[in-house]
Amino acid sequence: MAIIALYGFADYRHKAKPVTDISINFFGENNLYLTEEAVNKLLIQNYGSLKNRPKEQVVLNTIERLIESNEMVKNAQVYLSIKGELISKIVQKKPIGRVEGISKFYLDDQGKRMPLSRYHSARVPIITGKITGKSLEDAYIILDYINKDDFLRKNVVGIHVEDEGKYQLKLRIENFVVNLGGVENLDEKFENFMAFYVKASKDKTLEDYVAVSLEFDNQVVCTKI
């Protein structure tokens, strides 16, 4: 009985100890779309100052959900260290495209909307044209494919939506546009494009074209200047 009483007293003293400090750590990209100051402000607005508050008054799951409610956050883990430090580990969302239309926002690596950040502007392909739910789904499929290929990731700087199922790619250096068509058969389309690009680079004829179409089965149709 005495042991149980001592344990209960020790547990009570532990819970009554205050939060000694707050540590906010970001993981993933080095670029911060959300700052430590912004997270602290979010916590203060909802809970007041957490520093020096008794540990028993700090509900970790609730704080995690609050941080994850921020549209820049992918997930968060919050815990208390033995010394009483409240530690937040935050993984930011990762933008892979930027929509430039009536509404301006990022498309993240899960195909979801992510607001623009006042702290950092991501260098990602720009999405323009007829923005709809379906065209955004297709833009995500295209960007996901592009990001898995080193050449495409470095060279594709934009996707223009002419209509649903009719997409046009803009390249970093070349003057021509790539008419992709829809998102079906991307492997075949980009294999054909790379074969064309390698040959035209070797022949030094890339500057002769204004458009390269991949819309037709197993062929590349080029329009010259």
Side-chain angles (χ1 to χ4, degrees), residues 1-125 127 131-137 139-141 143-144 147-148:
M1 181 65 98
I3 293 174
I4 295 173
L6 286 171
Y7 173 80
F9 179 70
D11 184 54
Y12 170 79
R13 288 189 62 186
H14 173 74
K15 290 180 179 178
K17 284 184 178 180
V19 174
T20 58
D21 202 358
I22 296 173
S23 174
I24 296 169
N25 306 289
F26 294 95
F27 293 85
E29 285 200 356
N30 292 328
N31 302 315
L32 293 181
Y33 304 101
L34 182 67
T35 64
E36 182 177 339
E37 181 183 0
V39 175
N40 273 322
K41 185 177 179 180
L42 179 67
L43 295 176
I44 290 170
Q45 285 175 339
N46 286 270
Y47 301 114
S49 177
L50 290 171
K51 193 173 179 179
N52 297 321
R53 184 174 295 190
K55 292 180 182 179
E56 62 182 357
Q57 295 181 14
V58 178
V59 183
L60 301 179
N61 289 342
T62 303
I63 295 174
E64 280 184 359
R65 288 196 294 270
L66 175 65
I67 295 173
E68 289 177 344
S69 71
N70 186 285
E71 293 181 292
M72 299 292 184
V73 176
K74 187 174 184 178
N75 58 64
Q77 181 185 4
V78 179
Y79 61 93
L80 282 162
S81 72
I82 295 173
K83 294 181 179 179
E85 184 179 20
L86 182 68
I87 300 172
S88 300
K89 292 185 175 181
I90 299 171
V91 178
Q92 298 179 108
K93 291 182 178 179
K94 181 182 179 182
I96 60 172
R98 175 172 175 154
V99 174
E100 289 290 333
I102 297 174
S103 297
K104 301 180 188 297
F105 55 91
Y106 291 123
L107 196 63
D108 75 9
D109 61 353
Q110 293 183 314
K112 297 179 181 179
R113 295 187 179 211
M114 172 183 172
L116 302 184
S117 169
R118 61 188 175 125
Y119 304 110
H120 180 75
S121 181
R123 296 183 63 183
V124 291
I127 306 168
I131 306 299
T132 65
K134 177 63 169 64
S135 66
L136 278 180
E137 289 177 10
Y140 168 71
I141 292 172
L143 289 169
D144 185 56
N147 283 329
K148 293 173 182 175

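Residue numbers count from 1 along this sequence. For clarity, every value in this text was computed on a predicted model and none was experimentally measured.
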*Stepwise side-chain contact (heavy atoms from CB on, under 4.5 Å) test for R98 and V124*: CA-CA 6 Å; R98 175 172 175 154; V124 291; 3.9 Å; yes

With rounding to the nearest 0.5 angstrom, report the [atom1] to [atom2] distance, [X] to [Y].
X	Y	atom1	atom2	value
E36	S23	CD	OG	7.0 Å
I90	N75	CD1	CG	10.0 Å
L34	R118	CG	CZ	10.0 Å

*Is it the case that more than 12 heavy atoms not belonging to E71 sit under 6.0 Å from its CD atom?*
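Result for CD/E71: open.
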
_Are there over 12 heavy-atom neighbours, none belonging to E37, within less than 6.0 Å of that residue's CD?_
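At most 12 heavy atoms, drawn from other residues, nucleotides or ligands, come within 6.0 Å of this atom.
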
*Non-hydrogen side-chain atoms of S88 and I67 separated by less than 4.5 Å*: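 Of all side-chain heavy-atom pairs linking I67 with S88, at least one is under 4.5 Å.
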
*Set of side-chain hydrogen bond (donor to acceptor under 3.5 Å, both in side chains) partners for K83, sequence neighbours left out*: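 Expected list: none.
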
For [X] and [Y], work out which heavy atoms get closest and say how close.
X	Y	result
L66	L42	O-CD2, 3.8 Å
A122	Y106	N-OH, 2.8 Å
E68	A76	OE2-N, 2.9 Å

*With side-chain contact (heavy atoms from CB on, under 4.5 Å) as the test, would you mind laying out the steps for K74 and K93 before giving the verdict?*
CA-CA 5 Å; K74 187 174 184 178; K93 291 182 178 179; 4.2 Å; yes

*Working for side-chain contact (heavy atoms from CB on, under 4.5 Å), residues I24 and T35*: CA-CA 9 Å; I24 296 169; T35 64; over 6 Å; no

_Considering only residues two or more places apart or on different chains, which pairs with a residue in residues 49-105 satisfy ring-ring contact (aromatic ring centres under 6.0 Å, His included)?_
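ring-ring contact (aromatic ring centres under 6.0 Å, His included) check on residues 49-105 returns no pairs.
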
_Working note: E137 + I141, criterion side-chain contact (heavy atoms from CB on, under 4.5 Å); need CA distance, chi angles, decisive distance, verdict._
CA-CA 7 Å; E137 289 177 10; I141 292 172; 5.6 Å; no

